[in-house]
There are 2 protein chains.
Amino acid sequence: MQIDQFTNQLRQNGYRLTKPRQAVLQIMIESERALTPAEIYQEGSEHFRVGLVTIYRTLALLEQLGIVRQVHLHDGEHAYVLATPGHYHTLICNGCGRFVEIAGLAEMPHLIAEVEARTGFKVAEHRLELYGLCPSCQQQAIQRQHGASHDTT
Amino acid sequence: MQIDQFTNQLRQNGYRLTKPRQAVLQIMIESERALTPAEIYQEGSEHFRVGLVTIYRTLALLEQLGIVRQVHLHDGEHAYVLATPGHYHTLICNGCGRFVEIAGLAEMPHLIAEVEARTGFKVAEHRLELYGLCPSCQQQAIQRQHGASHDTT
DNA sequence: CCAATAAATGAAACTCTTTTTCATTTACGT
DNA sequence: ACGTAAATGAAAAAGAGTTTCATTTATTGG
């Protein structure tokens, strides 16, 4: 994943290329997971001085430019992922928070067509979020069952 | 929609049948829309003295009993709807905010099976939210195009 | 390279939703 | 009706996100 394409996009839209913006982009690019503003703030703070407000503002800007996408976590908190154009299907691991963008769900257009036919709605946009356990967290769940049957926490 | 089936469910699970609980149930039953705790609080306050905390606690209890379901609004706020067992698909009108619960999406199990096969995830739960315009708001949008072409707001 | 300046930042204060604490009230079996 | 545990309401606190404003910084032109 190239940071240059995103920094160019900023410049072309008349925005300045600042240290916080570069840092947020870099962190998002390197992340395997959806990150909350607080997590990005923590990560960024380890390398240079930055305010949480700036993280929020930067994420809002990047979302507006279509570079990142907001996802809703269970408690209503927001997290952000790099936007994969056209893919609004997210698979989120309840164990470790890792996410996968799912491409090419062939059934989706049929499903939407059926809903439109049945309800008369005109569907403009959809969000599909699937929650479950990733392969590695499934393993850990099994191991925990065996080794810690006395632990009732 | 009968309130008795829900009050019975409370009693059968060892919970007391209090005025706030009855009121929240009644408000949920009568509502055409997803309601936020604040909205339920406001509605309830018009009829008797109740604390917002109690609304939160009652909704948490009703959700745990499977009587209501939490939906995430765009700004991260939570709203609640009466649970339609097994239906976690919501169709929301961008125009008027009305929602429809969609039953029997036959494609969904296939879709989930495909995702599991492709990713190795075990999907426990899903949320499908479709956004668009309901028939009546589509009409209004068309009328606005005709009658107000000079209005650039 | 340096100065001017408009954009961007950080700190603090604030708003709003949700949770916790705890003393008071209420539902319900006896 | 009484006693008791459950439930409630008020207040305070916790947490996410936003607003304000003085300071800093990226960029443009000399």
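No experiment lies behind these values; they were computed from the predicted model shown. Computed over heavy atoms, backbone and side chain alike; hydrogens, waters and symmetry mates excluded. Letters A, B, ... mirror the listed sequences (proteins, then strands); counts begin at 1.
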- Message: If you assign each of B:Y56 and A:R21 to its closest nucleotide in DNA chain C, which residue comes earlier from the 5' end?
- Response: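 It is A:R21 whose nearest nucleotide is closer to the 5' end.
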- If you pin A:Y41 and A:G14 to their nearest nucleotides in DNA chain C, which one's is more 5'?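 The answer here is A:G14.
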Can you measure [X] atom [atom1] to [N] atom [atom2] for me and round it to whole angstrom units?
X     : N      : atom1 : atom2 : result
A:L62 : C:dA8  : CG    : P     : 12 Å
A:K19 : D:dT23 : NZ    : P     : 21 Å
A:I55 : C:dT9  : CD1   : P     : 9 Å
B:Y15 : D:dT8  : OH    : C1'   : 16 Å
B:R49 : D:dA7  : CZ    : P     : 18 Å
B:E63 : C:dT18 : CD    : C1'   : 14 Å
A:E77 : C:dT19 : CD    : P     : 12 Å
B:L61 : D:dT8  : CG    : C1'   : 13 Å

- Message: By the 4.0 Å heavy-atom rule, please label B:R57 as base, sugar-phosphate, or nothing.
- Response: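 Answer is base: heavy atoms of B:R57 come under 4.0 Å of a base.
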- Query: Which part of the nucleic acid, if any, lies within reach of B:L52 when heavy atoms closer than 4.0 Å are counted: base, sugar-phosphate only, or nothing?
  - Reply: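 The residue B:L52 makes base contact.
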Respond yes when some side-chain nitrogen or oxygen of [X] is under 4.0 Å from OP1 or OP2 of [N], and no when none is.
X     : N      : result
A:H78 : D:dG17 : yes
A:T18 : D:dA26 : no
A:R11 : D:dT27 : yes

Nearest 0.5 Å, what's the [atom1]-[atom2] distance between [X] and [Y]?
X     : Y     : atom1 : atom2 : answer
B:R21 : B:I55 : CZ    : CD1   : 11.5 Å
A:E30 : A:L25 : CD    : CG    : 11.0 Å
A:T58 : A:Y80 : OG1   : OH    : 10.5 Å

- Query: Among D:dA10, C:dA8, C:dG10, which nucleotide sits nearest the side chain of A:R16?
  - Reply: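 Closest nucleotide to the A:R16 side chain: C:dA8.
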- Message: From the set C:dT20, C:dA11, D:dG17, return the single nucleotide nearest to any side-chain atom of A:V53.
- Response: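 Selected nucleotide (nearest to the side chain): C:dA11.
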- Query: Do A:R11 and A:R16 come within less than 4.5 Å of each other through their side chains, counting heavy atoms only?
  - Reply: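 Not touching, per the 4.5 Å side-chain cut-off.
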- Message: Side chains of A:E63 and A:L59, heavy atoms from C-beta outward: is any pair under 4.5 Å?
- Response: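 A side-chain contact is absent here, since even the closest heavy-atom pair is not under 4.5 Å.
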